[in-house]
Amino acid sequence: VRAGRSADAQRLEERLLNPPPYTRGRNIVWRARMLAVQEQRRDAVRTLEQAYNAGLGFGLWLHRDLDLASLRGYPALEEFVRLRE
């Protein structure tokens, strides 16, 4: 996505939508990262919620992940984190 290779990004997203079993949301968080890099913040937060609901554990990485930088200070993300503290 960052390199502007939209065809490659689209193929990756299609693979992430059909993950192998037992990924516990890891495939979903990669989609959230892609959306955040594209500054689609609302969709990125919704996708992070899906990852959480699929079993992905959150921690400090959520605040340090450079791909999620566009979400820092975003009220929807702050609310999402607050509700899970």
Side-chain angles (χ1 to χ4, degrees):
V1 171
R2 287 183 191 208
R5 295 170 28 201
S6 58
D8 290 338
Q10 180 63 37
R11 281 192 296 277
L12 176 59
E13 185 171 11
E14 289 170 9
R15 285 182 32 210
L16 294 172
L17 289 171
N18 297 300
Y22 310 113
T23 60
R24 298 185 56 89
R26 288 187 305 267
N27 62 309
I28 301 169
V29 81
W30 279 104
R31 289 185 55 232
R33 287 177 171 128
M34 292 172 68
L35 291 165
V37 167
Q38 296 174 60
E39 297 191 15
Q40 296 180 31
R41 298 186 306 173
R42 182 180 56 200
D43 291 336
V45 172
R46 286 181 184 162
T47 305
L48 284 173
E49 291 174 356
Q50 291 172 1
Y52 178 83
N53 291 333
L56 184 71
F58 289 124
L60 197 52
W61 71 267
L62 183 64
H63 304 287
R64 292 184 176 176
D65 191 314
L66 294 178
D67 290 333
L68 302 177
S70 69
L71 302 179
R72 292 194 182 108
Y74 185 56
L77 180 68
E78 291 177 1
E79 180 70 8
F80 169 72
V81 170
R82 187 185 67 74
L83 290 173
R84 284 145 184 90
E85 291 181 321

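Keep in mind the model is a prediction, meaning the values are calculated, not measured.
The shortest side-chain heavy-atom distance between R31 and Q50 falls under the 4.5 Å cut-off. Residues W30 and L35 have side chains not in contact (no heavy-atom distance under 4.5 Å, counting atoms from C-beta outward).
Here the CG-CE distance, from D43 to M34, works out to 12.5 Å after rounding to the nearest 0.5 Å. Once rounded to the nearest 0.5 Å, the distance linking CG of L56 with CG of L48 reads 8.5 Å. Atom CZ of R33 sits about 12.5 Å away from atom OG1 of T47, to the nearest 0.5 Å. For the atom pair CG of D67 and CD of Q38, the computed distance is 11.0 Å after rounding to the nearest 0.5 Å.
No more than 12 heavy-atom neighbours from other residues, nucleotides or ligands sit within 6.0 angstrom of CZ on R64.
R82 has a carboxylate O that lies under 4.0 Å from a charged side-chain N of E79, or vice versa, which qualifies the two as a salt bridge.
The minimum heavy-atom distance linking A76 with V45 is given by the pair O-CG1, 3.9 Å. In terms of heavy-atom proximity, R26 sits nearest to V29 at O-CG1, 3.2 Å.
Connection of I28 to L68 is not established within any shared hydrophobic cluster, with ILVMFWY side chains joined at heavy-atom distances below 4.5 Å, either directly or through further cluster members.
One N or O on the side chain of S70 and one on the backbone of A36 form a donor-acceptor pair closer than 3.5 Å. Distance alone, capped at 3.5 Å, places no donor-acceptor pair between the D65 side chain and the W61 backbone. One N or O on the side chain of R72 and one on the backbone of H63 form a donor-acceptor pair closer than 3.5 Å.
Residues F80 and F58 place their aromatic rings such that the two centres sit under 6.0 Å apart.
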